[in-house]
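Here is the structure we will look at.
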Amino acid sequence: MTSIRSKARGRQTPVTTASASRSPQSLTRRFSARRAKEQAIRFALFLCALLSVATTLGIIYILVTEAAIAVRPGSTAFFQDVSLKEFFTETRWTPQFAEKHFGVLPLLAGTFLIAGIAALIALPIGLASAVYLSEYAGPRARALIKPILEILAGIPTVVYGYFALVLVTPYVLRPIFQDWLGFEVGVFNAASAGIVVGIMILPMVSSLSEDALRAVPQGLREAGYALGSTKLDVSARVVLPAASSGIVASFLLAISRAVGETMAVTIAAGQTPALTLNPFRSVQTMTAYIVNVSLGDTPAGSIGYKSLYAIALTLFCITLAMNILSQFVLRRFREVYE
Amino acid sequence: MSRADPTFQSRLVVRHRVGRLFGAACLASTWFGIAVLAVLLVGVLWQSAGWLTWDFLTSFDSRHPEQAGVLAGLWGSLWLILLTALFSVPVGVGAAVYLEEYAQQGRLTRLIQVNLSNLAGVPSIVYGILGLTVFVRMFGLFQAGAKEVEVSLGVASVEIPLPLGRTVISAALTLSLLILPVVIVAAQEALRSVPSSIRQASYALGATRWQTIRHQVLPAAAPGILTGVILALSRAIGETAPLVMIGALTYVAGTPGDISSPADVVRNPQGLLQAPFDETFTALPLQIFNWVLRPRTEFQHAAAAGIIVLLVVMLAMNAAAIFIRHRFGQRIRW
């Protein structure tokens, strides 16, 4: 073989590369620099993709080892010092006082009070604007309004916190609820936080619901009109139920975002944990507590520091559960059309 | 019932009236969002009237609200964006290329996709805790502040503290992890929009897979990828919670590497290399956060001016992204 090759090239010296040691028709694997380079590149790209999995595993590992099960010798996890029963049933959260109580209920109450107010604002208004954009608006109006709502979604959360503290509380809440109706509205209150978080998640509800509504095929609407329905009948009784899985999924995602919101509630709602339903007093959410501890001087390894990880683990579990639930709802109940 | 039935007719009128009310309610809801945005912008502009001066942009923070400025925040945010882009773009685009071009549609790929959507929904403060433990403290493997590795690069030497501590690079790595899912999804969309005929033509001419990606697919998808990256970075610039967790100080009167003007870049190249490992830095949203929380109300005006600066920067980045999408996205005719 070697001689045939050299004769073909007009050379007398034998060709000694590795490729010449086998026949040209051989289909067995042979070392090739180009192929090795391709494999190396593929492996490097695979590692990049694996980094996202590593991130998730890292988050879970860190939260679990600091909060639940200690792996480093000599250090204890949070839940080894504080029982789960106390964590979930005690009604006071005072890890930084001399007399320490570790009941998470006030923080949960604060988080869900604000998320509840936000949902009360964002879900109906977001859904209604999604219905308008998909059923009533023409393409020009849609092209104009959608980017404006996207801008709302892109505003940083500190701006919303500023908005709540400086504009909503003095000019909206105080005139209506304190001067007119007689409630006591504090400088930091849950209502202003809830309102601005609601405004923040409004574009999310609107755009995801609109996608779900527009995915409903036109044939269903036309069939409704053919049977003599008005536009309201078609929109509310045909299209909305057909898109309900996507709409519910968007609600869950928006609430999960509201639960995880940090800066706006830290600025607007204050730092006093309170197990209350009164929206006009200061409450502390889980996220605000985490910020509060990091801004302070809690020494690493102390119980106050470890409570940070316990709260973060709780928060992570709640948002993860809601995200997974929304994906499940989307997949399980989605109507598949021809 | 015939059409002329009076009950049907009167009910139909009512139904149409209710329908119009419903349409009006939907329209009002849409306008609510726009109205809120307008009120917010007008309010911030009004509060910042007279406070957004050139001195504001070129001075450091101060105990007196009239002398406070965002210079430290601007430089800190600039360094953060540059380093974040440096880390997140290669990894994000690489991951997207793998998921779109190389991966078989099996369980592992699906797992990675599901994982990405879950990561996108994790609150930013959890990323802050991740960054705190992995980059700042490095799992406690090193004693705090014990070691400093000197890396000499010929012209200058750089001191890298181990563990990384509250440095610019820890914050940038954390922010990169935060926006990584967004970058990957955006890059995937851009890669998906390249028609397969281009890839098949390239294979038909004998190119390998990497040659196809490098010379055909990536250039074609580049505008879309760039747009997605710029939008992700404009989101990163507004993130405060991870920076607070990392421990970035809020009252800072210096900039990374002591570079506080373009002239310093030329005068002090050592600072340029040392800057990522510097601990004196702050970011624009952090300064705003600090000002909003200070009890003296004069600082609210400084906060409003800082907000205007931040919004202008984000608007510029978004406009650049849209411009790129329009200008280069349609160049390629399939």
Side-chain angles (χ1 to χ4, degrees), chain A residues 34 38 41-42 44-46 48-49 51-53 55-56 58-59 62 72 125 128-129 131-133 136 145 148-149 151-152 154-159 161-163 165-167 199 202-203 206 230-232 236 253 256 260 262-263 267 287 290-291 294-295 309 312 315-316 319-320 323-324 327, chain B residues 15-16 18-19 22-23 25-27 29-30 32-34 36-37 40 43 47 91 94-95 97-99 102 112 115-119 121-126 129-130 133-134 140 177 180-181 184 208-210 234-235 238 240-241 244-245 247 285 288-289 292-293 300 303 307 310-311 314 318:
Chain A
R34 171 158 293 151
E38 290 276 321
I41 290 178
R42 183 198 169 116
L45 295 179
F46 176 66
C48 294
L51 183 65
S52 61
V53 178
T55 309
T56 313
I59 293 178
I62 290 169
R72 270 200 319 273
I125 298 182
S129 52
V131 168
Y132 175 75
L133 283 174
Y136 290 85
I145 293 175
I148 298 181
L149 288 181
I151 295 178
L152 256 187
I155 293 182
T157 56
V158 277
V159 179
Y162 169 86
F163 190 46
L165 194 63
V166 173
L167 292 174
I199 295 171
L202 183 79
S206 167
T230 61
K231 191 150 194 162
L232 166 63
L253 279 176
S256 149
T262 314
M263 299 317 290
I267 295 175
T287 49
I290 297 178
V291 169
S294 343
L295 285 176
Y309 288 91
L315 181 70
F316 179 69
T319 48
L320 190 70
N323 288 348
I324 291 182
Q327 283 169 3
Chain B
R15 279 164 66 203
H16 275 302
V18 171
F22 177 74
C26 290
L27 179 63
S29 308
T30 316
F32 174 77
I34 302 176
V36 164
L37 181 63
L40 172 58
Q47 282 273 336
V91 175
V97 165
Y98 177 80
L99 288 171
Y102 284 93
I112 297 181
N115 183 46
L116 276 178
S117 7
N118 283 335
L119 273 182
V122 168
S124 55
I125 200 151
V126 176
I129 291 187
L130 176 70
T133 316
V134 174
L177 284 181
L180 199 63
I184 293 180
T208 62
R209 184 169 276 177
W210 174 245
S234 87
R235 207 197 117 178
T240 329
V244 169
M245 289 303 302
I288 297 173
F289 174 60
V292 170
L293 282 184
Q300 308 292 343
I307 288 175
L310 182 61
L311 288 179
M314 290 180 69
N318 280 17

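Closest non-hydrogen pair, A:Leu45 versus B:Tyr98, comes out as O-CB, 3.6 Å. Here the shortest heavy-atom pairing between A:Gly154 and B:Met314 reads O-CE, 3.1 Å. For the residue pair A:Glu38 and B:Trp210, the shortest heavy atom distance occurs at OE2-CB, 3.0 Å. Taking every heavy atom of both residues into account, A:Leu149 and B:Gly33 meet most closely at CD2-CA, 4.4 Å. Residues A:Asn323 and B:Val122 share a closest heavy-atom pair of ND2-N, 4.5 Å. Closest of all the heavy-atom pairs between A:Ser52 and B:Leu119 is O-CD1, 3.4 Å.
Of the residues considered (B:Val97, B:Ile34, B:Leu40), B:Leu40 shows the highest number of contacts with chain A, using heavy-atom pairs under 4.5 Å. Counting heavy-atom pairs closer than 4.5 Å to chain B, the top-ranked of the candidates A:Ile155, A:Leu133, A:Thr262 is A:Thr262. Chosen from B:Gly94, B:Pro181, B:Gly19, B:Ala25, the residue pairing most often with chain A at heavy-atom distances under 4.5 Å is B:Gly94. Among B:Gly43, B:Ala303, B:Gly23, the residue making the largest number of heavy-atom pairs under 4.5 Å with chain A is B:Gly23. The choice from A:Ile62, A:Leu253, A:Leu51 that makes the most heavy-atom pairs within less than 4.5 Å of chain B is A:Ile62. Interface summary for chain A: among B:Asn318, B:Val18, B:Asn118, B:Ile112, the most heavy-atom pairs under 4.5 angstrom belong to B:Asn118. The candidate with the highest count of non-hydrogen atom pairs below 4.5 Å against chain B, out of A:Ser206, A:Ser294, A:Ala312, is A:Ser294. The greatest number of non-hydrogen atom pairs below 4.5 Å with chain B, out of A:Gly58, A:Gly260, A:Ala49, is found for A:Ala49. Taking A:Thr287, A:Val166, A:Leu167 one by one and counting their heavy-atom pairs under 4.5 Å with chain B, the maximum is reached by A:Val166.
Looking at B:Leu180, the atoms closer than 4.5 Å to chain A (heavy atoms on both sides) all sit in the side chain, from C-beta outward. Neither the backbone nor the side chain of B:Arg235 comes within contact range of chain A; no heavy atom of the residue lies under 4.5 Å from a heavy atom of that chain. Proximity to chain A involves both the backbone and the side chain of B:Leu27, based on heavy atoms less than 4.5 angstrom apart. Contact annotation for B:Val126: only side-chain heavy atoms (C-beta onward) come within less than 4.5 Å of a heavy atom of chain A. Both the backbone and the side chain of B:Tyr102 come within contact range of chain A, judged by heavy atoms closer than 4.5 Å. For A:Ile59, the parts lying under 4.5 angstrom from a heavy atom of chain B are both the backbone and the side chain. Only the side chain of B:Leu116 comes within less than 4.5 Å of a heavy atom in chain A; its backbone stays farther off. Both the backbone and the side chain of A:Phe46 come within contact range of chain B, each with at least one heavy atom under 4.5 Å from a heavy atom of that chain.
A 4.5 Å side-chain heavy-atom check between B:Leu311 and A:Pro156 finds at least one atom pair inside the cut-off. Within the 4.5 Å cutoff, the side chain of A:Tyr162 has no heavy atoms near those of the B:Ile288 side chain. Within the 4.5 Å cutoff, the side chain of B:Val292 has heavy atoms near those of the A:Leu165 side chain.
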Q: Test A:Ile290 against B:Met245 for side chain to side chain contact (heavy atoms under 4.5 Å, CB included), laying out the working first.
A: CA-CA 8 Å; A:Ile290 297 178; B:Met245 289 303 302; 3.5 Å; yes
(Q) Under the criterion side chain to side chain contact (heavy atoms under 4.5 Å, CB included), I'd like the reasoning laid out for B:Phe289 against A:Leu295: C-alpha separation, chi angles, the key distance, then a yes or no. (A) CA-CA 12 Å; B:Phe289 174 60; A:Leu295 285 176; 4.0 Å; yes
Q: Give the intermediate values and the outcome of side chain to side chain contact (heavy atoms under 4.5 Å, CB included) for residues A:Leu202 and B:Val36.
A: CA-CA 11 Å; A:Leu202 183 79; B:Val36 164; over 6 Å; no
Q: Go through B:Ile125 and A:Leu315 one step at a time and tell me if the side chain to side chain contact (heavy atoms under 4.5 Å, CB included) criterion holds.
A: CA-CA 10 Å; B:Ile125 200 151; A:Leu315 181 70; 3.9 Å; yes
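Here CG of B:Leu130 is found 10.0 Å from CZ of A:Phe316. Values are rounded to the nearest 0.5 Å.
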